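Structure first, then comments.
So you know, we letter chains A, B, ... as the sequences are listed, proteins then strands, and number each from 1. Computed from a predicted model, the values in this text were never measured in an experiment.
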Number of protein chains: 2
Amino acid sequence: MIIEIDFQSDEAIYMQLRNQIIMGIATSALQEGDTLPSVRQLADDIGINMHTVNKAYSVLRQEGFVTIDRRRGAIVSLDVDKTRALAEMKQSLRVVLARASCKNVTRQEVHGLVDEIFSEWEQEE
Amino acid sequence: MIIEIDFQSDEAIYMQLRNQIIMGIATSALQEGDTLPSVRQLADDIGINMHTVNKAYSVLRQEGFVTIDRRRGAIVSLDVDKTRALAEMKQSLRVVLARASCKNVTRQEVHGLVDEIFSEWEQEE
DNA sequence: GTTTTTGTTCTAGGATTACTATAACAAAGG
DNA sequence: CCTTTGTTATAGTAATCCTAGAACAAAAAC
């Protein structure tokens, strides 16, 4: 799985990393049981500090996407709390859809985009 | 329109303010042509600094949700660039949906949530 | 047994951002 | 004339982000 960090972005590096790993899981580029690179190796590959990678991994652990084992490192393992996931998603969606709605994006167009995104993922499986 | 700031949140105050105003527009609590409170008055009401409100207004202007007039202050006026809005929304949706998908939220459930949110807004009009 | 690699922890410094605080300005309106 | 408007400048505090170097115990590799 290829990770691309935009150093010009105003989004923190550890957040870009977190989001890309989550999208990697969603697209099945990363599967349950897969191990992520060690913090030192990934930091070296990307050209950032070890602690920045460690922070991304810690956030992923806290959010229930990986478990961290001293021997094997970070392992993709999903702690599914669907009720919580739905509540959190609704909150995020409200902000995203409000912005879109102000710009005259219709409910149908949103549905279309959702389908597009899900289709992209299913193709890659 | 009621604005609620969570001072314990890790989200910046000016971003909370920006998002609530955008949601206010989406729900028609704020309509095109309406004037927002002056930066000093709103800052006083909320109990924050004038410059924090000013920053929120500046972001809203840059994103095309309000125009700012020296006489009347910030006025809701939507600069609709739908192509850009769709592109930006898709990028945001990708992250939100990836998180949900990992937690076994289905495409159908996302559609349901989208409808729920749009319905909330339409009821208030 | 020795060496390497693993995550973890500590301290520390630099850079940037967020927020607050004053103060002052020109423009418009009452 | 006085008030209110957004705007700008300066300044300080606090928090966050990122980097850096060092060290530790535990597990794996040799």
Between [atom2] on [N] and [atom1] on [X], what's the gap in Å once rounded to a whole number?
X	N	atom1	atom2	answer
N49(B)	dT17(C)	CG	C1'	15 Å
R18(B)	dC19(C)	CZ	C1'	18 Å
M50(B)	dT22(C)	CE	P	11 Å
I46(B)	dC19(C)	CD1	P	12 Å
N54(A)	dT11(C)	CG	P	16 Å
I68(B)	dA27(C)	CD1	C1'	16 Å
D69(A)	dT5(C)	CG	P	18 Å
I48(A)	dA15(C)	CD1	C1'	17 Å

Heavy atoms only, 4.0 Å cut-off, all strands: where does Y14(B) land among base, sugar-phosphate and nothing?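 Answer is sugar-phosphate: Y14(B) comes under 4.0 Å of backbone atoms only.
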Classify the nucleic acid contact of R40(B) as base, sugar-phosphate or nothing, counting any heavy atom under 4.0 Å across all strands shown.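 R40(B): base contact, heavy atoms under 4.0 Å.
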Closest to the H51(A) side chain: dC10(C), dA23(C), dT8(C)?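 It is dC10(C).
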Nearest-nucleotide pick for R71(B), side chain only, options being dA26(C), dA28(C), dG7(C): dA28(C)
Tell me if the side-chain of R72(B) makes a donor-acceptor pair with the base of dA28(C), cut-off 3.5 Å, by modelled atom types. no
Would a distance-only check, ignoring hydrogens and angles, find a side-chain to backbone donor-acceptor pair under 3.5 Å from T27(B) to M23(B)?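 Looks like yes, one N/O pair under 3.5 Å.
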Any side-chain to backbone donor/acceptor pair from K82(A) onto N104(B)? Under 3.5 Å, distance only.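 Judged by distance alone, yes, a pair lies under 3.5 Å.
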Interatomic spacing from CD1 in I5(A) to OG1 in T52(A) - rounded to 0.5 Å: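 Those atoms lie 9.5 Å apart.
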As an exercise, state the distance from CD1 of I13(A) to CD1 of I46(A), rounded to the nearest 0.5 Å. 8.5 Å
Need two values: the first and the last nucleotide of DNA chain D, 5' to 3', having an atom under 4.0 Å from any heavy-atom of chain B.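 The footprint of chain B covers dT5(D) to dA9(D).
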Tell me every residue that passes ring pair (Phe, Tyr, Trp, His ring centres under 6.0 Å) with H51(B), counting only those two or more places apart in sequence or in another chain.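 Ring pair (Phe, Tyr, Trp, His ring centres under 6.0 Å) check on H51(B) returns nothing, list empty.
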I want to confirm an ordering. Mapping I13(A) and R61(B) to their closest nucleotides on DNA chain D, which one lands closer to the 5' end?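 Residue closer to the 5' terminus by nearest nucleotide: R61(B).
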5' priority, DNA chain D, between S58(B) and D10(B) [closest heavy atom]: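 The 5'-side residue here is S58(B).
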For the residue pair F65(A) and L78(A), establish whether any side-chain heavy-atom pair is separated by less than 4.5 Å.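 Of all side-chain heavy-atom pairs linking L78(A) with F65(A), at least one is under 4.5 Å.
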Between N19(B) and R94(A), is any pair of side-chain heavy atoms under 4.5 Å apart? no
